[in-house]
Amino acid sequence: MKVKTILLGAAVASGLFAASVSAQTIGFSQVGSEGDWRPAFSADMQSTAEEMGIELKFANAQGRQEDQLRAVRAFIAQQVDAIIIAPVVVTGWDQVLQEAKDAGIPVFLADRDVEVDDPSLFVTRISADFNLEGRLAAAWLAAESRGGCNIVELQGTVGSAPAIERNSGFMAVIDQFPAMEIVATQSGEFTTEGGKRVMEAFIKSTDNLDGICAVFAHNDNMQLGAIQAMKEAGLNPGQDVLMISVDYVPAIITAIEAGEANASVELRSAIGQFIYPVVLEYLANPTELEKWIVIPSDLHTAH
Ligand code: GZL
């Protein structure tokens with residue numbers, strides 16, 4: 001599959017062009033409001049739409065796919081100009097995307113991904129590369145642990161593209177190191193409460209994380225919950241146990257500065273500036289696009 005990486009400057013320039021086209025009505029079906037990154041992404045999508053003169057119909061599904069499907073069908077009934085979806089999980093989208101296609105309404109994926117039989121059911125996906133994020137996290141951990149580490153993994157929402165791909169990318173790297181192994185893994189649903197709950201269970205089951213070298217969390221909020229649980233158990237996250245996660249939200253920066261976390265892979269949340277120009281330019285001039293437009297991710301560490 002051909003992909004295109006956004007050159008950040010070009011995206012802003014194209015945004016200026018896009019803003020010059022007539023006002024459009026766009027329906028945006030958002031996953032929910034879990035954690036810190038999701039609300040930041042939602043706020044950016046709403047403020048950027050206003051700046052660009054887009055009429056945005058925003059629907060927050062609170063993590064329920066059935067609510068996303070209902071929202072997309074409502075957008076179709078309202079005959080919006082385009083639909084943007086951040087799909088909570090990868091499966092279950094073929095039927096509703098076919099209904100949008102039959103209604104002549106183009107669909108764009110933002111942030112997450114879908115698995116559909118017919119890729120023509122959406123125009124393109126604009127997102128970070130979750131597999132790369134997993135690889136970056138594992139490469140950092142391999143270097144920090146000199147290739148030997150028993151790892152606890154806090155997975156994101158089961159069946160979601162970031163959980164699938166971050167694990168896949170992470171495994172692709174640690175499989176190169178015989179002495180690196182995930183010894184315990186469970187989903188904390190991308191929330192601080194979920195991360196804390198799962199880590200409390202790991203602490204009990206692994207006798208205070210005896211022999212555990214690192215925690216890899218698919219997002220910072222679960223890592224923050226794990227840090228709470230570890231500190232309450234008298235452990236020293238970031239010192240005795242390496243802590244690597246994804247998103248780079250402000251609260252993990254604070255934890256890194258306090259020495260309670262070690263690194264986080266940045267997931268940009270201000271991505272409306274990249275998403276809307278692609279949608280508006282397509283509406284002005286419908287042409288075949290690469291099926292994936294990638295937004296870069298960067299690794300941040302304490303030093
Ligand atoms: C990934 C995004 C994930 C974030 C989490 O692009 O879908 O969902 O990493 C959020 O913080 O819950």
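All ligand and atom numbering here is 1-based and tracks the order in the structure.
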Salt-bridge present (Glu193, Arg197; N to O < 4.0 Å): yes
Presence of salt bridge, Asp129 and Arg135, under 4.0 angstrom: no
Tell me: protein heavy atom nearest [atom], and distance?
atom                    : result
atom 2 (C) of ligand 1  : Asp111 OD1, 3.3 Å
atom 12 (O) of ligand 1 : Glu34 OE2, 2.5 Å
atom 7 (O) of ligand 1  : Arg112 NE, 2.7 Å
atom 11 (O) of ligand 1 : Asp247 OD2, 2.5 Å

Residues Glu133 and His218: side-chain donor-acceptor under 3.5 angstrom: no
Distance-only side-chain donor-acceptor flag, Ser245 / Asp220, under 3.5 Å: yes
Any Phe130 heavy atom less than 4.0 Å to ligand 1: yes
Heavy-atom gap Arg166 to ligand 1 smaller than 4.0 Å: yes
Quiz item: cation-pi between Lys57 and Phe28, 6.0 Å / 45°: no
Contacting atoms of ligand 1, where contact means under 4.0 angstrom from a heavy atom of Trp37: 2 (C), 11 (O)
Listed partners of Glu50 passing salt bridge (Lys or Arg N to Asp or Glu O under 4.0 Å), at least two apart: none
Part of Asp36 within contact of ligand 1 (heavy atoms, under 4.0 Å): neither
